[in-house]
There are 2 protein chains.
Amino acid sequence: MTADRIDAGDQPGGPPPPTRGSVMRDVARLAGVSHQTVSRVLNDHPNVRPETRDRVLAAMRALNYRRNSAARTLVTRRSRTLGLIAYETTLFGPASTLYGLEQAARSAGYFVSVASVRALDRKSVLDAVDRLCEQSVEGIVAIAPQSSVGTALAQAPAGLAVVGVGGGGEHVPTVCIDNSTGAAMATRHLLGLGHTTVQHIAGPPDWPEARDRIDGWREALHAAGAPVPAPRPGDWSARAGYEHGRQFAADPTVTAIFCGNDQIALGALRALHEAGRRVPDEVSVVGFDDVPESGYFLPPLTTVRQDFAELGRRSLDLLIEQLESGVRTNRRVSLTPRFVARTSSGPAPG
Amino acid sequence: MTADRIDAGDQPGGPPPPTRGSVMRDVARLAGVSHQTVSRVLNDHPNVRPETRDRVLAAMRALNYRRNSAARTLVTRRSRTLGLIAYETTLFGPASTLYGLEQAARSAGYFVSVASVRALDRKSVLDAVDRLCEQSVEGIVAIAPQSSVGTALAQAPAGLAVVGVGGGGEHVPTVCIDNSTGAAMATRHLLGLGHTTVQHIAGPPDWPEARDRIDGWREALHAAGAPVPAPRPGDWSARAGYEHGRQFAADPTVTAIFCGNDQIALGALRALHEAGRRVPDEVSVVGFDDVPESGYFLPPLTTVRQDFAELGRRSLDLLIEQLESGVRTNRRVSLTPRFVARTSSGPAPG
DNA sequence: GCCTTGTGTGTGAACGGTAACCATGACAGG
DNA sequence: CCTGTCATGGTTACCGTTCACACACAAGGC
């Protein structure tokens, strides 16, 4: 009895044999060498005569041979697979980072396996780590920059490389952009335009990225001797921007708003527009991220650009560094964001 | 006999230290049973005395045992891994689909490995397929709905389950939303508001999704006896929407524009605004997709909602169906989109 | 002649699981 | 008492690679 259930009925004429993929031994036999020589050719070992190598390569082509990664992983104990834990994968940022990571991983010879999490509580994250471990990934990148994630990650099995993207935690190697500097850029830009102070619609307070942006904004205000209003907490959504934007629109003293991200800024722009407050003539708005659409907002959004793809690439670098050194360096890589001036910000009125 | 070999000191540049975790034999020894019994416990075989099972489970916990998936894959010839080929991963749609797929795959006991492609030419796609095959995935989902992708996918190794998301091709099982119906909904909505005809800024002509939307739009116009203008081809970007939008803005006879997606609509809105054409009073605009921000556009965008996450879930269903039946069914699953009325569309002027 | 050094290649043993096949003991029926 | 069945659990043979080592053969130094 065949263990194969793919043993589909052969139609007369259709000659699709139950192609049990060819393995090294088959290639070896065809090339007239031992399986070990095939292995040597595959792994670019020296000490194979060019002529032999060609024969082996020809045999591999003829049989359409592909090496079995499970067997390879079993014996080498290297899966060449990286795990990615992602939250809110639908946002532009995480998605771009995933993209950058995957491209980099590919050229470094790694595969990427994803585990998305619905929530950022400790259990969900540990579950995701577990799931990835079961696949014997060699390292994990977490695009889930809530504080709790960092600590959850820190207790991943030793010997597993780990990198946090975004604010991260203190216990895990992290790659992030310099949110504080970015926020300060935006704030200084607005102050430089003559605004007496700058309001801030922030991200959720338990996101390090949000906190760093708040810090940068606050420090820039402080350094300029400007009053420091209370930041308004949001959830990164356009809705939050809209709600707070309506309140700001009703307050004639508000002339400049720095938003925690571009979605928030979009919501704020709409609120201001609805209230009849002209942007940038009466109120200036600045965002953060530079999503592809922000140049087409009404008006085009002044913002701070994050290079998400670079974030992904750098996190791979950090991972590989750990993999090769064998220790969990506590490094923190920080990328400098770029200020992008568009027309949603202008001189203070009056 | 030395099961242990002495680990030579790590040479810099050498492979990382082998992670010596506990294996079945260790668990078996601790529990006082054979490794086979451990395997039986792991795989929920009957014929294990509850008392024995408990002893084994306790031993597994004590040793923090995790089974080695490579070994398992090697012998069972099932990797329990699915491959995902994604293009333009940064867009909301693909990202959400990935999310939905991963969630569904997880609860079905599968892992998901991603391969992103930079371009959609045949070679890139075949490369990605190759990469995934090397990981011995059991099936592939391609979120890369260009026509050429379908045909490239069709010649994936036999015995590999394949599903296309989006327009797909004729040769590959496909799950998509009913783009034609969605476009017709949008068009009929505008015609119903009294517009004599509807312009269309479309997606790239080699995307089946774009073509289906064109078809639906055209048929709806035709059925209503309205004139059918030439659709304007774009690339799904806000920029394309802006460029065509400017031309439409200069033409006073244009009162209704149906856009291939929400980004295009955003660009069109900006062009109309710049030209002083009021939306929806003078010109109505409708998008497609319902990205989370579209409710905060100026004005909030009337659009057609795609359930991307459902797309991901359904593609998993289709994949599993193939995996279990062993044949590449040529099924095509079509989801009905939902029309979402907001304020960017209104009665025809005059 | 010997031993060395260096190429190119083959041999056998892991790696950590699962499946097929046995072995044992208990209990029933003849 | 002999046999058959069932529950339980051990034995052994793989799966397809890579690694350590052995081996053949050549070139060179003494």
(request) Give the nucleotide from the list D:dT17, C:dT9, D:dC14 with an atom nearest to the side chain of B:Val75. (result) D:dC14
Under 3.5 Å, which protein N or O atoms sit close to an N or O of nucleotides 11-13 of chain D? Give each pair with its distance.
unit_1: D:dT12; atom_1: O4; unit_2: B:His35; atom_2: NE2; d: 3.2

(request) Starting from P on C:dG8, measure out to NE2 on A:His45 and report it in whole angstrom. (result) 13 Å
(request) Assign each of B:Thr76 and A:Pro46 to its nearest nucleotide of DNA chain C by heavy atoms, then name whichever residue's nucleotide is nearer the 5' end. (result) A:Pro46
(message) Please determine whether the number of non-hydrogen atoms from other residues, nucleotides or ligands lying under 6.0 Å from atom CZ of B:Arg122 exceeds 12.
(response) yes
(message) Just the rounded figure in Å: distance from P of C:dG17 to CZ of B:Arg78.
(response) 19 Å
(request) Give the rounded distance in Å between these two atoms: CG of A:Asn47 and P of D:dA24. (result) 18 Å
(request) Tell me what A:Thr73 touches on the nucleic acid: a base, only sugar-phosphate, or nothing, going by heavy atoms under 4.0 Å. (result) nothing
(message) So, OP1 or OP2 of C:dT18: does either fall under 4.0 Å of a side-chain N or O from B:Ser39?
(response) yes
(request) Ignoring backbone atoms, test whether B:Arg53 places a side-chain nitrogen or oxygen under 4.0 Å from the OP1 or OP2 oxygen of D:dT8. (result) no
Atom pairs, N/O to N/O, protein against nucleotides 23-28 of chain C, distance under 3.5 Å?
none

(message) Under 4.0 Å from OP1 or OP2 of C:dG10: is there any side-chain N or O of A:Thr37 that close?
(response) yes
(message) Could you check whether any side-chain N or O of A:Arg106 sits under 3.5 Å from a backbone N or O of B:Ser116, counting only pairs where one atom can act as donor and the other as acceptor?
(response) yes
(message) For C:dT18 and B:Arg67 - does any side-chain N or O of the residue sit under 4.0 Å from the phosphate oxygens OP1/OP2?
(response) yes
(message) Rounded to whole Å, how long is the line connecting atom CZ of B:Arg77 with atom P of C:dG16?
(response) 20 Å
(request) Taking only Lys NZ, Arg NE, NH1 and NH2, and the carboxylate oxygens of Asp or Glu, determine whether A:Arg131 and A:Glu134 approach each other closer than 4.0 Å. (result) no
(request) Please report, rounded to the nearest Å, how far the P atom of D:dG16 is from the CZ atom of A:Arg29. (result) 12 Å
(message) Determine whether a donor-acceptor pair (N or O, by modelled atom type, separation under 3.5 Å) exists between the side chain of A:Glu138 and the backbone of A:Arg80.
(response) yes
(request) Could you state the atom-to-atom distance from CG of B:Leu63 to C1' of C:dG16 in whole Å? (result) 15 Å
(message) Using a 3.5 Å distance criterion without hydrogens, assess whether the side chain of A:Arg66 forms a donor-acceptor pair with backbone atoms of B:Gln135.
(response) no
(message) Using a 6.0 Å cut-off, check whether atom CZ of B:Arg118 has over 12 heavy atoms from anything other than its own residue.
(response) no
(message) Can you measure B:Leu74 atom CG to C:dT18 atom P for me and round it to whole angstrom units?
(response) 11 Å
(request) Specify the residue among B:Val48 and A:Val38 whose closest nucleotide of DNA chain D lies further upstream toward the 5′ end. (result) B:Val48
(request) Return yes if some donor-acceptor pair links the side-chain N/O of B:Thr81 with the main-chain N/O of B:Ser79 below 3.5 Å, else return no. (result) yes
(request) Take the protein atom CG of A:Asp44 and the nucleotide atom C1' of D:dT18, then report the distance between them rounded to whole Å. (result) 15 Å
(request) Could you tell me whether the phosphate oxygens of D:dT17, OP1 or OP2, come under 4.0 Å of any side-chain nitrogen or oxygen in A:Arg25? (result) no
(request) Could you say whether A:Gly32 or B:Arg72 is positioned toward the 5' end of DNA chain C, judged by the nucleotide with the nearest heavy atom to each? (result) A:Gly32
(message) It should be established whether B:Thr52 places a side-chain nitrogen or oxygen under 4.0 Å from OP1 or OP2 of nucleotide D:dG9.
(response) yes
(request) Please confirm whether the backbone N or O of B:Gly312 pairs with a side-chain atom of B:Ser315, one donor and one acceptor, at under 3.5 Å? (result) yes
(message) Quick one: does any side-chain atom of B:Gln322 pair with a main-chain N or O of B:Ala161 as donor and acceptor, under 3.5 Å?
(response) no
(request) Please step through side-chain contact (heavy atoms from CB on, under 4.5 Å) for the pair B:Met24 and B:Tyr65, ending with a clear verdict. (result) CA-CA 8 Å; B:Met24 252 188 192; B:Tyr65 169 78; 3.6 Å; yes
